[in-house]
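These numbers were taken from a predicted model, which means no experiment stands behind them. In this chain, numbering begins with 1 at the start of the sequence shown.
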Amino acid sequence: MAGGGNGEVKLLGMWASPFVLRVRLALSLKGVSYEYVEEDLKSKSELLLKSNPVHTKVPVLIHNGEPICESSVILQYIDEAFAGIGPSFLPADPHDRAVARFWASYIDDKLLKASSQASSGKTEEEKAEGAKQAAAAVETLEGALKECSKGKPFFGGDSAGYVDLMLGGLLPWVHVGDAVKGVKTFDPATTPLLAAWADSFGALDAVEPVMPEVGKLVEFAMAMMSHAAAAAAAATN
């Protein structure tokens with residue numbers, strides 16, 4: 001990875017976090033060397049608490065001693081701070097940049113929230129409604145990919161960009177949901193562009209090395225579900 005003139009770069013993260021993965025993907029695509037610090041979120045470090053006092057969450061990127069928080073903000077910071085290194089994540093055209101930011105926000109505001117409701121809703125009705133909304137969001141993103149890619153492999157065109165990183169960080173957890181539920185979220189039969197995009201993104205040289213193992217994530221998810229079920233049972237007794 002590119003090192004030297006980038007200054008000191010440190011990333012506070014947690015291995016299973018899709019938001020941390022977004023940042024790791026961005027740094028990898030840019031070729032920026034950095035120190036990775038794994039955080040124990042049950043016993044947060046003083047550095048994390050000091051660097052992100054508002055939310056006390058990961059990821060936090062620390063560049064030359066200055067912290068930057070929130071994955072979407074960090075991605076844009078990386079693109080600007082390391083301009084001229086690796087690919088640009090956001091287009092040069094102001095309108096195209098605005099469109100990319102719109103779809104990036106859509107991924108978190110619609111797809112991510114609906115998917116979380118589908119897996120963590122308090123009732124079966126809530127879960128079903130979340131699944132319905134998530135499916136609608138995936139269908140909408142299929143159209144967005146067609147619009148943004150202009151027939152090329154990525155939302156960013158020939159190379160992965162801002163929207164690709166925002167969605168790509170969620171990709172391992174999409175695979176986890178598929179494995180647990182026996183479904184295929186990005187189905188070649190219904191969303192062929194997203195299915196091809198997922199294959200192309202996952203095969204990038206800069207992406208594959210930083211992607212967490214899906215099997216390990218499945219184990220992590222099952223442990224979290226068991227813990228949540230036990231806590232809920234204890235609360236009703």
Using only atom types and a distance under 3.5 Å, with no angle test, would you say the side chain of [X] pairs donor to acceptor with the backbone of [Y]?
{"X": "Glu8", "Y": "Gly65", "answer": "no"}
{"X": "Asp79", "Y": "Phe89", "answer": "yes"}
{"X": "Asp199", "Y": "Ala196", "answer": "no"}
{"X": "Lys30", "Y": "Ile78", "answer": "no"}
{"X": "Gln117", "Y": "Glu126", "answer": "yes"}
{"X": "Gln133", "Y": "Lys110", "answer": "no"}
{"X": "Ser28", "Y": "Ala206", "answer": "yes"}
{"X": "Lys10", "Y": "Glu35", "answer": "no"}

Would you please name every residue forming a salt bridge (charged side-chain N to carboxylate O under 4.0 Å, His left out) with Asp96, sequence neighbours left out?
-> none
Of all residues at least two apart in sequence or in a different chain, which pass the salt bridge (charged side-chain N to carboxylate O under 4.0 Å, His left out) check with Lys57?
-> none
Check whether more than 12 heavy atoms from other residues, nucleotides or ligands sit under 6.0 Å from atom [atom1] of [X], and answer yes or no.
{"X": "Met225", "atom1": "CE", "answer": "no"}
{"X": "Glu139", "atom1": "CD", "answer": "no"}
{"X": "Asp93", "atom1": "CG", "answer": "yes"}

So which heavy atom on Val23 is nearest to which on Pro59, and how close?
-> CG2-CG, 3.9 Å
Qualifying ring-ring contact (aromatic ring centres under 6.0 Å, His included) pairs with a residue from residues 100-140, counting only residues at least two apart or across chains = Trp103-Tyr106
For the residue pair Ser51 and Ile62, establish whether any side-chain heavy-atom pair is separated by less than 4.5 Å.
-> yes
Does the side chain of Asn52 come within less than 4.5 Å of Leu12's, by heavy atoms?
-> no
Would a hydrophobic clustering, with Ile, Leu, Val, Met, Phe, Trp and Tyr connected at side-chain separations under 4.5 Å, put [X] with [Y]?
{"X": "Val180", "Y": "Val214", "result": "yes"}
{"X": "Val183", "Y": "Leu141", "result": "no"}
{"X": "Val73", "Y": "Leu27", "result": "yes"}

Without placing hydrogens or testing angles, list every side-chain donor-acceptor pair under 3.5 Å for residues 13-20, not counting sequence neighbours.
{"from": "Ser17", "atom 1": "OG", "to": "Phe19", "atom 2": "N", "distance (Å)": "3.2"}
{"from": "Ser17", "atom 1": "OG", "to": "Val20", "atom 2": "N", "distance (Å)": "3.1"}

Could you label the plane-to-plane angle of the Phe201 and Trp197 rings as parallel, tilted or perpendicular, counting under 30° as parallel and over 60° as perpendicular?
-> parallel
Looking at Asp108 and Arg22, does any basic side-chain N land under 4.0 Å from a carboxylate oxygen?
-> yes
Residues 179-196 vs side chain to side chain donor-acceptor pair (under 3.5 Å), sequence neighbours excluded, gives Asp178-Thr185
Which residues pass the ring-ring contact (aromatic ring centres under 6.0 Å, His included) test with His63, sequence neighbours left out?
-> Tyr77, Phe82
